[in-house]
Amino acid sequence: MRFSLIFSLLSLVGLSIQEDYSNPLKSSQGSDPFIVTDLGYYYLLTSTWSDVQITRAKTLEGLKTGEKKVVYRSEEIIRCCYLWSPELWKIDGVWYLYFTAGTKESLDGQRVHVLTGGKSPFDDFTYTAQLTPSWGIDATIFRTPEKNYLVWSGIAMWQSLFIAELLTPSTITSPTLLSEPTIPLEQVQNPVNEGPAALYAGGKSYLTYSASDCWTADYQLGLLTWDGVTDPLRADAWTKSGPVMNSANGNYGTGHNGFFTSFDQSETWIVYHATSRPSGNCGAQRYTMAQKMNFNGEGAPIWPVIAPPLNATLPGPAGEDIELH
Ligand SMILES: *[C@@H]1O[C@H](CO)[C@@H](O)[C@H](O)[C@H]1NC(C)=O
């Protein structure tokens, strides 16, 4: 009530309710980005490989110089190293941090783990559990009104997407195979499905995911659309399409995205990584980009999402200078 009143007053006197920003939001260690908004802050997480960090700021542009905190670093043999794709999720009022970690020797030990935090994403986290029973990376959460599901990338015939019900924030049911890289957009250099991210719009539920080898410029986003009735643990509940985002305007290998909402919940934004190397990159040459998503009259997302040129000045998310109390 009070929020919408303030919002209307600001609009009436013509005050700007958003600050401009430009990409990249993070020029190094910018891969596998994830952003969530909570009580007037944006929280950004990316893969640093050696620890898990959270950066927060009150504007999107502010993330470039935001307040930074290391929330996980470990000497434990099975989860010391190759720390990737951290994501923050609030379940029953508590923040949990899902991330990928493995051993020092090779990438064969990669598993999904979870940390338990507090009521704010900037509270301390404690190590809680390993979630995937075998090789697994890039976990995210998919939600229906009744249940939470963990979706991640694991190994079947190829690197594929798996899904399991999240019984508690740190336990899952037996995984089922959700999507395999079977169509051309998923098979450039190597067949790969990874980096899933849930999107809810116009009454429908979607999962975007990253397809093909990340060492190519054709690392790109595919789309899975849930039919809304069949058990989401079943692969035949989902229809595949795409690509819904690929290289554009000098940004190559656009992928491993997340979605977040503006403070006032009126806008949905996408965050993803890309490289300016036309040959693609799967290492340190990836930067973090974000942009507003567009929807049609029925509320369906408008695809493909086109990455803007680097450094272009763009209007930031709505509601940035509105303080919620
Ligand atoms: C963006 O800005 C950076 C830093 O000033 C510069 O190095 C880079 O060439 C620019 N890229 C584009 C595409 O304008």
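Whatever order the structure lists ligands and atoms in, that order sets their numbers, starting from 1. Computed over heavy atoms, backbone and side chain alike; hydrogens, waters and symmetry mates excluded. All figures in this text were calculated on a predicted structure; none of them were measured in a lab.
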(Q) Does Lys204 have more than 12 heavy atoms from other residues, nucleotides or ligands lying within 6.0 Å of its NZ? (A) no

Q) Any chance the rings of Tyr21 and Trp269 have centres within less than 6.0 Å? A) yes

Q.
For the residue pair Arg56 and Tyr42, would you count it as a cation-pi contact if the rule is NZ or CZ under 6.0 angstrom from the ring centre and within 45 degrees of the ring axis?
A. no

Q. With sequence neighbours left out, which residue pairs that include part of residues 51-80 fulfil the ring-ring contact (aromatic ring centres under 6.0 Å, His included) condition?
A. Tyr72-Phe99

Q: Establish, yes or no, whether the cationic atom of Lys90 lies under 6.0 Å from the six-membered ring centre of Tyr96 and within 45° of the ring axis.
A: no

Q) Which class fits the ring pair Trp49 and Tyr82: parallel under 30°, tilted 30 to 60°, perpendicular over 60°? A) perpendicular

Ligand 1 polar-atom proximity to protein (N/O, under 3.5 Å):
unit_1: ligand 1; atom_1: 2 (O); unit_2: Asn311; atom_2: OD1; d: 3.1
unit_1: ligand 1; atom_1: 2 (O); unit_2: Asn311; atom_2: ND2; d: 2.3
unit_1: ligand 1; atom_1: 11 (N); unit_2: Asn311; atom_2: ND2; d: 2.9
unit_1: ligand 1; atom_1: 14 (O); unit_2: Asn311; atom_2: ND2; d: 2.9

